[in-house]
Amino acid sequence: MALAKYTTSVNVGSAINALSLCQNSNKIVVAGRALLKIYEAEPQNQLKEIANLHMGRKQGLNMSSSDVVWSSKDENLIATAATNGAIVVWDLNAVGRNKQLAVLSDHRRTVTKISIHPKESTRLLSGSQDCTMRMFDLRKKESTGMFQSKADGVRSVEFSPFHYFMFAASFDNGSVQQIWDYRQSKTYLSQFLAHKGSVYTLNWHPDEDERNKIATGGRDNIVKVWETGTSHNKQISNIPTSTSVSAVRWRPSHKDQLATVSMMLDFSVNVWDLRRRFVPYAYFEEHNDVTTGIAWKQNDPEVLFSCSKDGTLVMHAMQDAIQPWKKIKTRGLDVGSRGLVLFAGEDSNIPARAQSPTGSGQNKLPGLFGWGVGNNNSTLKTHDSTQEINQTSQTMDEIISETFVDDGFVYAAKHYLLNGPENDMSFRKLCEHNSNVAAKLGEFSVSRVWLILAEFYNSVVLLKQKMTSNFFPVPKTCSDATLDGTKRTENETKRNSDEVSSPHVQSVDPDSEFQSDEGRLEQLHLFRDEDLDNEAIALFGHIDAPSGMTNDSEAPKQKIITPHGGRWYETQTSTQDSSSPPTPTSMDQNSDPLATGKKLSVKPSVWPLPLDDIRNQTTVEELRFVHFYHHVNVTIFTLTRYLAESGDVQTPVSILVAISSYPTNVTLEIPEAEAEHWFNSYLDLLFKHELFVQHAEVIKLSRLPSIRMLSSSSTIHTSCKVCQRRMPNSCSWSCDHRSKPDHKSPVLCFLCKKVVKTLYLYCQTCSFGGHLQCMQSWTKLSK
Amino acid sequence: MVSVINTVDTLHEDMIHDAQMDYYGLQLATCSSDRTIRIFEVKNGTQRLLSTLQGHDGPVWQIAWSHPKYDKMLASCSYDRKVIIWKEQDGQWNKLHEYNDHDSSVNSVCWAPHELGLMLACGSSDGSVSVLKHHGDNQWEATKINNAHTGGCNAVSWAPAVVPGSLIEPPSQNQQNNFVKKFVSAGCDNLVKVWCEKDGRWEEEQKLQAHTDWVRDCAWAPSIGLPQSKIASCSQDRRVIIWTCDEATGGQWSSKTLNEFDDVVWHVSWSLTGDILAVSGGNNKVSLWKEKLDGDWSIVSDIKKGQQGSTE
């Protein structure tokens, strides 16, 4: 009768030492110190006590059972092994209360294990701590043979289910496992080293196809599987468990699965699969004390019985088992700092996902690991030195992704020029250079930002020049309008940006001397590129202005309009002189009053203008100029903030650094805390990419005291090379142990190997260093 | 666009569960069912095995590198219920600390952002999440959140320490050193939970519900202080969900399904800049995703390892 399969348990009243199933597996006998009960597994999924063979009265040590076994054929015959060496035979059919059939007291010490021959139900084999194994005939009720282990206490004996005359035994000294033919009592057929320490348990495979396989388990926490043969026995697999193994039982009709329990610490019943040796295939956690015995239901491998010192007998259903493989992640993934995607997975040779657990419910084996169908050893690579089967040869993939912005980040960080004066560049040149760098990377919006920046400050300078020379250029708004028109038809989403920025970039340019038609064409080209390369921008757009342009058109508009205000002021003045008509459609209200200026006479000075100087002037016009100037600053601030907001700290920081690299005391009105955030983020990114030079440069050029501090705040302690002890004072060259010769070793230059007496320059990352001159020449060389 | 540049034979005897690059991307750590952790040096497309770390009694599920500010440390978690913190000194890896207060397999470890000090979150199959805090001198204090996820916790990931929105609105002076102490966890109860430390205790701040099966992995996107927090989670239900929370709109999380894949999704991982999401799913496939302007997610590339094997 088929049992509904779910886990059920019963408390038998006292600690159980062993259990055994009758042949059709629906009756279970449990044995303990003063316990011998029989339970029946009922169809309703209950375990019902049907007999109690313990009489209640004291029956001496014969009743202290260490093992129990149900006869293979005779459903009424049970044998128990006692700790005092007695073997008690029970006849369940016996009339009366006392069902003891016989007491066999041949062993002098504890009988550890008994086994009944699978075919001859009256042939019983016992193993004992007295180093002998005995054969009994239960009909004669006497010992018919004795086997000397010649080794140590016997831990386990078991008849082979298919080799009629064969049994296996394992021993306390552990290292020996013997196979016997019981017809020859003089000596064993073969013997081999099995474990370090006691071999507590052994089990023949119950399937006929696997008849030569034995599993053993012992104190050394390892379950080993052996292929026995006439000539030699070899280990074919092992399972490293985490605790000592007290019992191991093959799962019927499963070639590679077995259940184990542990002698201590771990109370769970683990089911292992040899193809996945390191993590249990399933486990049960019903017991809260040491589990002492396990048995699979013979005709139903989905059911497992176990008994424990906690006094419970549990019938487990495999479907209720906890299956750790379900929680296993079989793939590893990481994204590295250099745009590397790292992926760890199974080797492609294995049809890993042939059957997914979610895809097909019928598969008992988890396809997850590439178990089951099609997974024969020929497709597996094995690192085969210890005869261990390795399921999968693992390989790692690293995958580089060119789409990663990080490459662009590194390129930009390396190629941006930040220090204008040092490179002997005007601010405009610097901006153009950086703009080109950004353009090369396809960062067209960033590229434009640099151009805008150049315009802003350049126009300030120019304004001064123009005013002194009394020349104002005519803005070329007409051509811009047409350009704008074509753009509009081309791409709706770009509309806002073009509307706003293209007139700006082109028409703002009052600098006709510098900005030729060619230059404008180039810019036009940039726009086109941008349109064509929408995709590219979407990919590269960690800093993307497009996101702002479409979603958030309000913000960029305002921001880019503001320069118009500034420019417009300029235009207006030019209108007065050269009567050129264009008026920007959208004008900044704030800048409007500026237009009322009648005469302009600003003292020419080199940009950037020191604010203080300006303030010292008292004329109205100059105050207006300050106003304008202030405006630009606000713009720069909104611009940089916008960029940072859209996820790019590189550009804002580069802009700030570039501006502040020029000798000026102009302060951009950016809250210090905010700028500090940008700097810190950017510095962290630089460091992650090992751009130490750029890292240092940014720190050096920064105006923020907190950032500048980074380069001067580190206290470095020198320590003795030998004992690692800190030098007593910063000037000394040897530690407290200076009397010892070893500790006197002076600091050597890594390059010329000579003593460094004065300045010691070293790399903060790898700590190599030496003479200043040496390091300098070395860095020059290695460049 | 994307190509496999390197394949490393790790010589692990069993399946690899995790691989992590260190901060600089110079060293690679792998962990495997064979109970070992291996450290490789990766240089110019070649790799060299530096060390093999042995100490776990079960498969090692996940590893995490510490920030270089705290020397070279590696945290590992295993089926053996242990979390081990390893430290390198002069090329030698040694066990620095062993934490074994979990009742079941520990599935995930994650170091907190370096601003918060040396702190480690561990998620376990026993349903709890513990946070280990270093107090100097190898003293580790453990705080345990019991029953964080019924049925077990599969993944933990820390939020960036930067206060959301700090880039736009700099925190006031007294807030300056007040970093965010939050992490996200994913579990077998199909939930993603956000935890937040209040007065030294961890409290559940949010319960994100949308997945219909075990959530396998979650990852909090790196941030430089934008007002939006982003979390990616992937699940057995074959979906990847992006959770976003805009501080401005009152801290409500909204979910958006990135994609429904045709197989279980195992891992999600953000790029350093937090704008590209790598997703690894069945069939040894890795795909990269990027948010489009309209807020939809589009696939950037698709990498498949082992074509012939997985076509069966």
Side-chain angles (χ1 to χ4, degrees), chain A residues 242 278-279 324 327-338 340-346 348-354 356 358 369 374 383 390-392 394-406 538-539 542 546-547 550-551 641 644-645 647 649 671 673-674 677 681 688 690, chain B residues 1-2 4-10 12-21 23-25 30 33-35 57-59 79-80 105 107 125 152 166-168 170 224-226 263-264 266-267 269-273 275 278 280 282-284 286 288 292-293 300-301 303 305-306 308-310 312:
Chain A
S242 48
F278 295 98
V279 62
K327 298 196 178 179
I328 293 174
K329 286 175 189 159
T330 53
R331 309 290 191 281
L333 182 70
D334 185 33
V335 181
S337 61
R338 299 164 177 207
L340 283 179
V341 180
L342 201 66
F343 173 71
E346 286 171 47
S348 55
N349 288 341
I350 290 149
R353 312 279 327 165
S356 86
T358 49
F369 296 138
H383 306 283
N390 299 308
Q391 277 300 298
T392 51
Q394 297 291 320
T395 53
M396 298 280 319
D397 299 344
E398 266 178 37
I399 299 145
I400 191 161
S401 141
E402 288 168 17
T403 56
F404 264 20
V405 291
D406 297 41
L539 300 185
H542 71 301
S547 67
T550 45
N551 296 342
R641 179 184 259 185
E645 223 171 288
V649 284
E674 192 168 346
H677 260 292
S681 312
K688 266 191 189 181
E690 292 186 304
Chain B
M1 285 219 298
V2 181
V4 175
I5 55 159
N6 201 1
T7 301
V8 181
D9 187 356
T10 58
H12 275 300
E13 283 175 38
D14 207 330
M15 120 179 325
I16 299 174
H17 298 292
D18 198 17
Q20 294 286 324
M21 301 286 269
Y23 186 85
Y24 299 116
T30 62
S33 260
D34 68 6
R35 302 167 172 211
D57 293 326
Y79 180 75
D80 65 4
S105 163
N107 297 324
S125 279
S166 61
L167 203 58
I168 291 119
I224 48 161
L226 300 180
D263 214 329
V264 179
W266 293 104
H267 270 292
S269 185
W270 292 97
S271 73
L272 217 61
T273 37
D275 58 345
S280 93
N283 275 347
N284 287 336
V286 176
L288 302 179
K292 284 194 293 196
L293 305 179
V300 174
S301 71
I303 310 146
K305 162 82 169 85
Q308 80 276 28
S310 43
E312 288 187 37

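A, B, ... follow the sequence lines: proteins, then strands. Residue 1 opens every chain.
The two atoms that bring A:Phe278 and B:Pro59 nearest to each other are O-CD, 3.1 Å, heavy atoms only.
For B:Ser105, no part lies under 4.5 angstrom from a heavy atom of chain A. With a 4.5 Å cut-off on non-hydrogen atoms, B:Asp80 does not touch chain A at all.
Not counting sequence neighbours, the partners of B:Ser269 by the side-chain contact (heavy atoms from CB on, under 4.5 Å) test are A:Leu333, A:Asp334, A:Val335.
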